[in-house]
Amino acid sequence: MGFIFDYQNVNHANPRITGYRSYHHHIIGGSLSDFRFDRMSASQVRLSANLDVAFKGFPLGWTAWMQVNVTGDNAWTSNN
């Protein structure tokens with residue numbers, strides 16, 4: 001999972017995400033549905049989706065997410 005985002009950092013202080021869009025994904029052996037963006041704070045945005053897979057013939061599902069974080073001069077992602 002991933003998405004495009006823009007962020008602003010003026011004078012190395014108060015970074016904030018100014019925009020996010022255009023998610024993409026690649027999955028083998030399952031499916032993703034119901035994509036949604038959640039703005040956690042000015043410096044964190046999360047893309048979530050419902051993940052469905054079959055394990056030994058039984059359906060399983062949970063919420064998969066990918067999050068972008070900005071602080072100071074750094075930006076990074078986290079996920080579950």
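Predicted model, so just to flag it, every value in this text is computed and none were measured. The basis for the numbers below is simple: all heavy atoms, side chains too, and nothing from hydrogens, waters or symmetry mates.
- By the neighbour-count criterion of 12 heavy atoms within 6.0 Å, atom CG of Asn14 is sparsely surrounded, having that number or fewer from other residues, nucleotides or ligands.
- Residue Gly72 comes nearest to Pro15 through the heavy atom pair N-CG, 3.3 Å, listed as atom of the first residue, atom of the second, then distance.
- Shown here are the ring-ring contact (aromatic ring centres under 6.0 Å, His included) partners of Phe37, two or more places apart in sequence or in another chain: Phe3, Tyr20.
- Partners of Ser78 according to the side-chain contact (heavy atoms from CB on, under 4.5 Å) rule, which considers only residues two or more places apart in sequence or in another chain, are Trp65, Gln67, Asn69.
- Rounding to the nearest 0.5 Å places NE2 of His24 at 9.0 Å from CG of Leu47.
- When the side-chain hydrogen bond (donor to acceptor under 3.5 Å, both in side chains) test is applied to Asn50, the partners found at least two apart in sequence or on another chain are Arg36.
- Residue Met40 is not grouped with residue Ile17 when hydrophobic side chains (ILVMFWY) are merged at heavy-atom distances under 4.5 angstrom, including chains of intermediate members.
- A 4.5 Å side-chain heavy-atom check between Val53 and Trp62 finds at least one atom pair inside the cut-off.
- Ser41 pairs by the side-chain contact (heavy atoms from CB on, under 4.5 Å) definition with Ser43, Gln44, not counting sequence neighbours.
- Listed by chain and number, the residues in a side-chain hydrogen bond (donor to acceptor under 3.5 Å, both in side chains) with Arg16 are Gln8 (sequence neighbours excluded).
- Residues in residues 17-30 take part in these salt bridge (Lys or Arg N to Asp or Glu O under 4.0 Å) pairs, two or more places apart or across chains: Asp6-Arg21.
- Sorted by first and then second residue, the salt bridge (Lys or Arg N to Asp or Glu O under 4.0 Å) pairs involving residues 42-55 (not counting sequence neighbours) form an empty list.
- Once rounded to the nearest 0.5 Å, the distance linking NE2 of His25 with CG of Leu32 reads 5.0 Å.
- Here OG1 of Thr71 is found 8.5 Å from CG of Asn9. Values are rounded to the nearest 0.5 Å.
- Residues Ile4 and Phe35 do not share a hydrophobic cluster, defined by chaining ILVMFWY side chains whose heavy atoms lie under 4.5 Å apart.
- By the side-chain hydrogen bond (donor to acceptor under 3.5 Å, both in side chains) test, His12 is found to be paired with Asp73, residues two or more places apart in sequence or in another chain being considered.
- Taking the side-chain hydrogen bond (donor to acceptor under 3.5 Å, both in side chains) definition, one finds that Ser31 meets it with nothing, sequence neighbours left out.
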